[in-house]
> 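Take this structure first; my questions come after.
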Amino acid sequence: MLRAALSLLALPLAGAAEQPTQKPESLGEPLPGLELFRWQWHEVEAPYLVALWILVASLAKIVFHLSRKVTSLVPESCLLILLGLVLGGIVLAVAKKAEYQLEPGTFFLFLLPPIVLDSGYFMPSRLFFDNLGAILTYAVVGTLWNAFTTGAALWGLQQAGLVAPRVQAGLLDFLLFGSLISAVDPVAVLAVFEEVHVNETLFIIVFGESLLNDAVTVVLYKVCNSFVEMGSANVQATDYLKGVASLFVVSLGGAAVGLVFAFLLALTTRFTKRVRIIEPLLVFLLAYAAYLTAEMASLSAILAVTMCGLGCKKYVEANISHKSRTTVKYTMKTLASCAETVIFMLLGISAVDSSKWAWDSGLVLGTLIFILFFRALGVVLQTWVLNQFRLVPLDKIDQVVMSYGGLRGAVAFALVILLDRTKVPAKDYFVATTIVVVFFTVIVQGLTIKPLVKWLKVKRSEHHKPTLNQELHEHTFDHILAAVEDVVGHHGYHYWRDRWEQFDKKYLSQLLMRRSAYRIRDQIWDVYYRLNIRDAISFVDQGGHVLSSTGLTLPSMPSRNSMAETSVTNLLRESGSGACLDLQVIDTVRSGRDREDAVMHHLLCGGLYKPRRREALKCARAHESFPPPQPVQRRSSPGRVGKGTWLCTCPRKPPRLCLWTCRQAGTRACHPWRA
C-alpha cells in the first residue's frame with residue numbers, strides 16, 4: 001500500500017518525462033478525436049483502494065454492532081480478523097495470489113501513531129503516575145524475563161530434538177524471536193480490555209506496560225538482530241555493554257523527544273487566540289512530528305508520542321477553545337478507531353499468503369506453552385516483590401487477569417516480517433509461529449477473558465465521574481500525606497508530587513498557558529462550570545423552561561473565557577436580565593482577594609440554574625403577594641461590604657447580600673420581600 005502511494009506520487013513526473021518529442025502530424029498519423037469517456041484506474045488506484053478498505057472496515061463495524069448479542073460475546077477485534085481471513089481468501093481465489101498484506105512501513109508510520117496518540121493524550125495521568133513503579137517493573141523486568149526465558153527454552157527444545165531439523169536456528173536466532181514475540185501489544189490490549197471493563201488500576205497497569213515495553217522490545221530486537229548479522233563468533237564484550245547502554249538511550253531519548261515536542265505544542269497554542277481554526281491541526285502535526293523524529297533517531301517512537309500526549313494535554317486544553325477541544329477529541333478517536341480496524345483486518349488478510357510462512361508443530365506448540373507459562377511465572381514473582389511496597393497490594397485474581405491479558409498483536413507480526421531471510425534462515429517458521437500466537441491471544445484469549453473476569457468476580461470499572469465531595473477529600477488527603485512526609489523528613493511520592501505541583505504552578509503554567517487561561521484555572525471555576533452544565537441539561541430534560549413572564553428572565557451563564565477576558569462587573573451589568581445585583585458591593589472592595597471572593601459569591605449565587613430559578617420564583621411570588629413599598633437605602637459599616645451599598649430588607653439578621661428582581665431593570669433600588 002505504501003509503495004502504491006509512493007508510485008502514485010511519481011505518476012505525474014513519469015508522465016511528463018515520457019511525453020513524445022514529435023507531434024503526431026509530423027509522423028503522418030491522424031489526430032485522435034474527442035473522447036467522451038476514458039477509464040483511468042491506474043491514476044487513482046492507491047487512494048481509491050485505501051478509501052475502499054476503510055469503507056469496508058467501517059461497514060463491517062456497523063454490521064457487527066447490529067446484533068448486541070454477538071458483540072457482547074465476541075470482541076470486535078476477533079470479528080475483524082475473521083473478516084480479514086474471508087476477504088483474503090476471496091482475493092486469493094480470484095487473483096490466484098495474495099494481493100494485499102500488512103506492510104511494516106505502513107503499520108509503523110501511518111496506522112500505529114493515531115492509536116498511541118489517542119491512548120497517551122486521554123490517559124488518566126494521576127492513575128498512571130500513581131502506578132508508575134509497577135508499570136515500569138512489568139514493562140522492563142517483565143519483558144526482559146519473557147524474552148530471554150522464551151528464547152532459551154525454545155533453543156533447549158531444539159536441542160532436545162522436539163523441533164524439526166529443517167528449522168535452522170541457533171541461540172541468537174531464538175533470542176531474536178523471543179524478543180519480538182514476548183512484548184505485550186498495545187493495540188490488542190486496548191481492543192480487548194476496553195470491552196471487558198476491568199477496574200482502572202488493573203487496566204492502567206496492563207496497558208501502561210504495553211506502551212512502555214516498546215523501548216525494551218526495540219532495543220532487544222535491534223541488538224539481537226545485529227548480533228545475528230555479525231555472527232556469534234564476532235560478538236565481543238563491548239557489544240554487550242553497548243546493548244545495555246542502548247536500552248537507556250532508546251527509552252530516555254524517546255521520552256525526552258516527546259517532552260520537547262509537548263513543550264513546543266503547549267507554547268505554540270498559547271498564541272493561537274486569534275487563529276482558533278488551526279489549533280486542532282497543531283496538535284496532530286506536532287504529535288506526529290514527535291513520533292517521526294524519534295523513529296528517525298532510532299529511539300522509541302511509541303514512548304515519544306505517549307509522553308508528548310501526557311505532557312501537553314493540561315496546557316493545551318487550557319489554551320485552545322472549547323470547539324477545538326471537541327474537534328481534537330473526536331478526530332483523534334476517529335483516526336484511532338479506523339487504524340485499529342484496518343490493522344486487525346489486514347492481519348487476517350496477511351495470514352492467507354502461505355508463500356511467506358512455513359509450519360512446524362513443535363515450534364508452534366512450544367512457543368504457545370512457553371509464552372503463557374513464563375508470563376504467568378513472571379507476573380507472580382514481580383507482583384510478590386511489588387506488594388512489599390504497595391499500599392494496596394495486587395491480589396491473586398488481579399495476577400490471573402494480568403497473566404492472561406498479555407496479548408500479542410500487529411507489532412510482533414510487523415517485526416517478524418522485517419527479518420532478513422538471508423541472515424535468519426528460519427524466518428518463514430518464525431512468521432507462521434507469530435501468526436498463530438497473535439491469533440491465539442487475540443481470538444482465544446479475547447473470547448475467554450470476559451467470562452473469566454465474570455467468573456473470578458473481578459472488580460469492574462466505575463464509569464461515573466468523581467463527585468465534588470470525592471474530589472475535595474482526595475485533594476485534602478494529598479495535602480495531608482505530603483505534610484506528614486515533610487514533617488517526618490521522608491521524601492516520598494506525595495512529597496515529590498507536591499513539589500512538582502508547586503513548580504508547575506509557579507513556572508510552567510505561567511510560561512505555557514495564556515494569562516487569561518491561567519487566571520481562570522482555579523478549581524472552583526471547573527466545579528462551577530460542570531455543575532452549571534449538569535443543572536442546565538437536567539433542567540431541560542425535565543421539561544423546564546426559562547421564566548420570561550413580566551420581564552422576569554434568568555441571566556445567561558458566563559463562559560470561562562469571557563470571565564477572564566472582560567471585567568466581571570461590566571459583564572454582569574450587560575447581562576440584560578431582570579435579575580439585578582448590587583454592583584457597588586463589587587466596585588468598592590479595595591482588596592484584590594476580597595474582590596475575587598465577592599465576585600465568586602455573587603457568581604455562584606446568581607449563575608447556577610437551580611439556585612437562580614429558586615430565588616427568582618421566590619421574588620416573583622413575593623412581588624405578587626405584597627405590593628412593593630418605597631426603596632430603602634441602608635448604609636453598612638465601611639469595613640464589611642463597602643460604603644453606600646444597597647441591601648434588601650430581609651427579616652433575617654444580619655442582612656445578607658442576595659439576588660433580587662426589580663420591576664425596572666437596571667436600577668440599584670430593590671424592593672424588599674419576605675423570605
Side-chain angles (χ1 to χ4, degrees), residues 1-2 4 49-67 69-104 106-107 110-112 115 180-181 185 187-192 195 337-361 363-365 367-368 371 407-417 427-450:
M1 188 182 299
L2 182 60
L49 288 176
V50 172
L52 186 62
W53 281 118
I54 296 176
L55 178 61
V56 170
S58 303
L59 294 177
K61 294 187 71 169
I62 294 175
V63 173
F64 294 156
H65 286 276
L66 290 178
S67 175
K69 185 176 181 180
V70 174
T71 53
S72 63
L73 297 176
V74 184
E76 186 179 292
S77 55
C78 304
L79 296 174
L80 290 171
I81 288 180
L82 296 177
L83 175 64
L85 288 172
V86 173
L87 293 177
I90 295 175
V91 173
L92 183 63
V94 173
K96 304 303 180 181
K97 63 177 182 178
E99 293 285 343
Y100 312 104
Q101 67 173 354
L102 183 61
E103 295 287 345
T106 304
F107 171 74
F110 300 105
L111 296 178
L112 186 59
I115 300 175
L180 64 90
I181 202 64
D185 187 76
V187 182
V189 170
L190 189 65
V192 174
E195 298 186 13
S337 178
C338 292
E340 179 183 315
T341 303
V342 172
I343 285 172
F344 285 113
M345 194 170 64
L346 288 178
L347 275 176
I349 295 175
S350 302
V352 179
D353 188 7
S354 60
S355 63
K356 295 186 177 181
W357 53 268
W359 182 267
D360 182 73
S361 301
L363 180 62
V364 172
L365 293 177
T367 304
L368 285 174
I371 62 172
L407 308 178
R408 277 69 170 178
V411 174
F413 179 80
L415 290 177
V416 78
I417 291 295
K427 175 186 175 180
D428 294 342
Y429 296 97
F430 290 161
V431 171
T433 306
T434 303
I435 292 175
V436 173
V437 169
V438 170
F439 281 22
F440 179 84
T441 55
V442 175
I443 296 179
V444 178
Q445 292 182 226
L447 282 171
T448 55
I449 193 170
K450 197 169 186 178

> How would you list, by chain and number, every residue that makes a side-chain hydrogen bond (donor to acceptor under 3.5 Å, both in side chains) with Ser361, sequence neighbours excluded?
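side-chain hydrogen bond (donor to acceptor under 3.5 Å, both in side chains) check on Ser361 returns Trp359.
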> Taking only residues two or more places apart in sequence, or in another chain, which ones meet Val437 in a side-chain contact (heavy atoms from CB on, under 4.5 Å)?
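Val437 satisfies side-chain contact (heavy atoms from CB on, under 4.5 Å) with Ile181, Thr367, Leu368, Ile371, Arg408, Thr433, Thr441 only.
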> Is there a side-chain contact between Val442 and Leu347 in this structure, where contact means two heavy atoms from C-beta onward sitting under 4.5 Å apart?
no
> Enter the distance from Leu102:CG to Met345:CE here, rounded to the nearest 0.5 Å.
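Atom-to-atom, Leu102:CG and Met345:CE are 11.0 Å apart.
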> Pairs under 3.5 angstrom only: tabulate donor-acceptor contacts from the side chains of residues 78-87 to other protein residues two or more places apart or in another chain.
none

> Could you give the distance from CZ (Phe413) to CG (Asp185), rounded to the nearest 0.5 Å?
12.5 Å
> Measuring from atom OG of Ser77 to atom CG of Leu190, what distance do you get when rounded to the nearest 0.5 angstrom?
10.5 Å
> I'd like to check the side-chain contact (heavy atoms from CB on, under 4.5 Å) partners of Ser58; sequence neighbours left out, ordered by chain and number.
Ile54
> Under the rule for side-chain contact (heavy atoms from CB on, under 4.5 Å), what residues qualify as partners of Thr448, not counting sequence neighbours?
Tyr404
> Out of curiosity, Leu59 CG to Phe64 CZ, how far, rounded to the nearest 0.5 Å?
10.5 Å
> With sequence neighbours excluded, what pairs up with Ala414 under the side-chain contact (heavy atoms from CB on, under 4.5 Å) test?
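For Ala414, the residues satisfying side-chain contact (heavy atoms from CB on, under 4.5 Å) (neighbours in sequence not counted) are Pro104, Phe107, Phe108.
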> If you draw a 6.0 Å radius around NZ in Lys356, do more than 12 non-hydrogen atoms from other residues or ligands fall strictly inside?
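Counting other residues, nucleotides and ligands, NZ of Lys356 stays at 12 neighbours or fewer.
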> Tell me, which pairs form a ring-ring contact (aromatic ring centres under 6.0 Å, His included) where one or both residues lie in residues 78-99, sequence neighbours left out?
none
> Atom CG in Leu92, atom CD1 in Ile349: separation rounded to 0.5 Å?
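Between Leu92 CG and Ile349 CD1, I get 11.5 Å after rounding to 0.5 Å.
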> Partners of Asp360 by side-chain hydrogen bond (donor to acceptor under 3.5 Å, both in side chains), sequence neighbours excluded?
none
> May I ask you to test the Phe344-Val187 pair for a side-chain heavy-atom distance under 4.5 Å?
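Yes, side chains in contact.
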> If the condition is ring pair (Phe, Tyr, Trp, His ring centres under 6.0 Å), which residues does Phe430 pass it with, not counting sequence neighbours?
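Phe430 satisfies ring pair (Phe, Tyr, Trp, His ring centres under 6.0 Å) with Phe177 only.
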> Looking at residues at least two apart in the chain, or sitting in another chain, which of them share a salt bridge (Lys or Arg N to Asp or Glu O under 4.0 Å) with Asp428?
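Partners of Asp428 under the salt bridge (Lys or Arg N to Asp or Glu O under 4.0 Å) test: Arg421.
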> Run the salt bridge (Lys or Arg N to Asp or Glu O under 4.0 Å) test against Lys61 and tell me which residues pass, sequence neighbours left out.
Glu76
> Tyr100: what forms a ring pair (Phe, Tyr, Trp, His ring centres under 6.0 Å) with it, not counting sequence neighbours?
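Ring pair (Phe, Tyr, Trp, His ring centres under 6.0 Å) check on Tyr100 returns Trp53.
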> Looking only at non-hydrogen atoms, find the nearest pair between Ala351 and Ile435 and report the distance.
CB-CG2, 3.9 Å
> Nearest 0.5 Å please: distance from the CD atom of Glu103 over to the CG atom of Leu111.
11.0 Å
